[in-house]
Chemist: 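Got a structure for you, questions after.
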Amino acid sequence: LDELGSTVTDASVDVLAELCPELKRVTFAESDSRCHITDTAIAGLAVRCIKLVEVDLRECALLGDASALALADHCPGLTSVAFGPLGDDDDYEYDEQECLVSDAGLDALTLRCLELTQLEVRRCANVTGAGFTSPEFSLEKRPKLERVVFGFCKNLTENSLTSLVTTCAPTLTEISLTGCTQFARAETLLTTIAARCRNLELLNMSWCGVTTLPDAMCGRLTALREL
């Protein structure tokens, strides 16, 4: 179900969840006006629609960890989830409300949704990625992440991303870190990507402050199509 451009409220989500328990894909991303649904609506959706596999909640500015936790608890087959504004990645001066999801919600999704292949989180100031360095996020119990997008998550650390890459390298095909400014030269992260991500096709580090690439990257990423 795609609700792009429609007016979505908690009441409409409640009706949807009640009438469509077999729902697998939902998009509540609005380009012209903000989505006004709350965590309560997404929690109800997750409880009733446990077969959800793709959930796009971009532009739903009122959603936070409660939504992420509900999806993690009730939708173990989730393969794709997106939080944060739809805004253009080139819009560095974006001044709208940022995403309310924090490490708590992110950790729940990545530790409980082991079928997750696509994770998109944009403009979440409360996301550091600390959970990626924990023992729980390991080779034995991790999602099969292929595409990770962290747009303008200004407190996301190089150490946490290096841990994620180290663990998920065999399946990663796209890494987008636009506007994530905590990476300094990002030499450790980039060297790890070059050494481990042999299937990587896209690497985006625009607005990160990275001006040079380490020598270790030369000739290593043979599948890379876009940098």
Chemist: Do side-chain atoms of Asn204 reach the backbone of Leu177 as a donor and acceptor pair under 3.5 angstrom?
Modeler: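 No, because the side chain of Asn204 does not come within donor-acceptor range (under 3.5 Å) of the backbone of Leu177.
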
Chemist: Is atom CD1 of Ile50 surrounded by more than 12 heavy atoms (other residues, nucleotides or ligands) closer than 6.0 Å?
Modeler: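 Not buried by this count: 12 neighbours or fewer within 6.0 Å.
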
Chemist: Given side chains that start at C-beta, do those of Leu16 and Leu23 come closer than 4.5 Å, heavy atoms only?
Modeler: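 Result yes, sub-4.5 Å side-chain heavy-atom pair found.
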
Chemist: Search all heavy atoms of Cys113 against all heavy atoms of Cys75 and return the closest pair with its distance.
Modeler: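 Nearest pair, atom of Cys113 first, then Cys75: SG-O, 3.8 Å.
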
Chemist: If you compare all heavy atoms of Phe83 against all heavy atoms of Cys99, which two are closest, and at what distance to 0.1 Å?
Modeler: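 So the two residues come closest at CB-SG, 3.8 Å.
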
Chemist: Do the side chains of Leu106 and Leu69 join up, straight or via other hydrophobic residues, at under 4.5 Å, putting them in one cluster?
Modeler: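 No, Leu106 does not connect to Leu69 through the hydrophobic network.
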
Chemist: Check this for me, if you would: do Glu54 and Lys24 make a salt bridge, where the nitrogen-to-carboxylate-oxygen distance has to be below 4.0 angstrom?
Modeler: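 Result for this pair is no, no salt bridge flagged.
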
Chemist: Looking only at atom types and distance, does a side-chain atom of Thr171 sit under 3.5 Å from a main-chain N or O of Leu145, one as donor and one as acceptor?
Modeler: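 The answer is yes, because a donor-acceptor pair under 3.5 Å joins these two groups.
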
Chemist: Between Glu98 and Arg123 (salt bridge meaning N to carboxylate O under 4.0 Å), is one present in this structure?
Modeler: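 Answer for the salt bridge query: no.
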
Chemist: When you measure from the side chain of Glu158 to the backbone N and O of Thr188, does any donor-acceptor pair fall under 3.5 Å?
Modeler: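 Answer holds: yes.
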
Chemist: Among Asp103, Thr157, Thr133, Asn159, find the residue that satisfies the side-chain hydrogen bond (donor to acceptor under 3.5 Å, both in side chains) test when tested with Thr128.
Modeler: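 Going through the options one by one, the only one that passes is Asp103.
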
Chemist: Can you tell which of Asn126, Asn155, Asp65 makes a side-chain hydrogen bond (donor to acceptor under 3.5 Å, both in side chains) with Ser102?
Modeler: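 The passing option is Asp65.
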
